Amino acid sequence: MALRRPSTLRRILTVDLPMAAILTFTLGPYLWMFLTSVSNEDTLFTEGPSLAGATFANYVRLFETVGFGANLIDSLIVSAGTVAVGLSLSVTAAYAFSRFNFPGKRLLMLQFLLINMFPLVLLILPLFVLFRVLGLLDTHAALIIANSTVAIPFSIWMMVSYMNGIPRSLDEAAMTDGCTRLQALVRVVLPLCLPGIIATGIYIFITSWNEYLYALTLGGRNVRTITVAVQTLIGEYEVQWGLLTAGGITGALPATLLFLLVQKRLISGLTQGAVKG
């Protein structure tokens, strides 16, 4: 026992305490937001956030008065639509980049990488003009297309690195048995790529769910996502901190729950895709 005490003390000092400090630093703001959201408005500015006399009145007001439920639905439609469009295009494009050799292949892959280096604000004005001409402003389709311009390039890189780890001999064997190229993709490659597809889909969903600039510029009264709805709770002369923090907690909850449910698949997809083709 005497010999194990130094190792236990070292573990506490080098692992446990640093991890506790990191968790406190990471979760501290969210815990403070939750305390603020359930605190009584009458004592919030005098006594500070507290669980004493906790109430969920702010959450009730958020859905009954502010109409946060409709904003949740808008965010869900936009995020799910972006996932559908992003995965369908990135998976097929990644398969082409992984399996075929054609002129300009390296240049196109480099362009996909360079797109992610430019700030989103550079694309807002061209997209706004384009959607205004097409009559798509303040629609779910506009936000889905806009979010796809950000999500698809990086998703293609993720899927290409994953598909490069799948032997081409499997495709060739399937086509030898009578499958077409598309059937080999659907029946052979996609099942093996499932962890990578899930990881890519989660990345697209979270990116679209948390997006603000496109939602603010291309949305409006008919389509208002959660990120924009939370911002409207900040008034010019007054900030409703109870509603604001309740909106922040509610907006972050779906993406957090999704990550917790599929975190094993996400980690598996990210690690298995980290191979050199």
Side-chain angles (χ1 to χ4, degrees), residues 26-86 136-148 150-151 201-263 266:
T26 304
L27 299 179
Y30 296 98
L31 294 176
W32 189 265
M33 286 176 60
F34 177 75
L35 288 176
T36 304
S37 66
V38 298
S39 297
N40 196 322
E41 290 285 348
D42 299 332
T43 60
L44 180 60
F45 295 100
T46 57
E47 301 179 5
S50 175
L51 289 177
T55 176
F56 289 92
N58 289 321
Y59 292 91
V60 175
R61 290 175 55 199
L62 197 65
F63 286 93
E64 292 185 353
T65 306
V66 182
F68 218 64
N71 304 133
L72 279 172
I73 294 176
D74 287 336
S75 291
L76 183 60
I77 293 174
V78 172
S79 300
T82 306
V83 170
V85 174
L136 293 177
L137 286 179
D138 198 11
T139 62
H140 295 103
L143 294 182
I144 291 173
I145 296 173
N147 289 331
S148 298
V150 181
I202 294 172
Y203 161 78
I204 297 175
F205 183 90
I206 294 177
T207 301
S208 177
W209 186 271
N210 295 327
E211 203 283 321
Y212 174 74
L213 289 177
Y214 285 157
L216 179 64
T217 307
L218 305 178
R221 294 183 178 180
N222 297 325
V223 178
R224 179 177 295 175
T225 61
I226 280 183
T227 53
V228 178
V230 171
Q231 187 269 339
T232 59
L233 299 176
I234 303 176
E236 184 177 358
Y237 302 104
E238 181 184 4
V239 178
Q240 304 182 54
W241 291 107
L243 284 177
L244 183 63
T245 52
I249 292 293
T250 305
L253 193 60
T256 303
L257 292 177
L258 177 64
F259 175 79
L260 292 177
L261 289 175
V262 296
Q263 60 176 333
L266 175 62

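Computed from a predicted model, the values in this text were never measured in an experiment.
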Check your understanding: What's the spacing between Thr225 OG1 and Tyr212 OH if we round to 0.5 Å?
Key -> 9.0 Å
**Study point:** Gly220 to Asp138 - nearest heavy-atom pair and separation
**Key:** N-OD1, 3.0 Å
Review point. Quick check: does any side chain N or O of Asn58 sit under 3.5 Å from a backbone N or O of Val38, one acting as donor and the other as acceptor?
Key: no
Review point. Any sub-3.5 Å donor-acceptor pair from Ser37's side-chain atoms to Phe34's backbone N or O?
Key: yes
Exercise for review: Could you tell me whether the side chain of Val83 reaches within less than 4.5 Å of the side chain of Ser208, counting heavy atoms only?
Suggested key: no
Check your understanding: Which atom pair, heavy atoms only, marks the closest approach of Val78 to His140?
Key -> CG2-CD2, 3.9 Å
Practice item. Please name the pair of heavy atoms, one in Gly248 and one in Val230, separated by the smallest distance, quoted to 0.1 Å. Key: N-CG2, 4.4 Å
Exercise for review: Start with the C-alpha gap between Ile77 and Leu143, add the side-chain angles, then the distance that decides, and say whether side-chain contact (heavy atoms from CB on, under 4.5 Å) holds.
Suggested key: CA-CA 10 Å; Ile77 293 174; Leu143 294 182; over 6 Å; no
Review point. Does the side chain of Asn147 come within less than 4.5 Å of Val85's, by heavy atoms?
Key: no
Point to revise | Interatomic distance, Asn210 atom CG to Phe205 atom CZ [nearest 0.5 angstrom] | key: 9.5 Å
Check your understanding: Can you find a pair of side-chain heavy atoms, one from Thr82 and one from Trp209, that are under 4.5 Å apart?
Key -> no
Check your understanding: Between atom CG of Leu233 and atom CG of Leu62, what is the distance when rounded to the nearest 0.5 Å?
Key -> 6.5 Å
**Study point:** Check: Leu137 and Leu218 side chains under 4.5 Å, non-hydrogen atoms
**Key:** yes
Revision key, fill the gap. Output for pair (Arg224 CZ, Asn71 CG), nearest 0.5 Å, gives 7.0 Å
**Study point:** Straight-line distance of Trp241 CH2 to Met33 CE, nearest 0.5 Å
**Key:** 10.0 Å
Point to revise | Distance in Å, Thr245 OG1 paired with Tyr30 OH, rounded so as to fall on 0.5 Å steps | key: 13.5 Å
Review point. Is a side-chain N or O of Thr232 found less than 3.5 angstrom from the main chain of Ala229, in a donor-acceptor match?
Key: yes
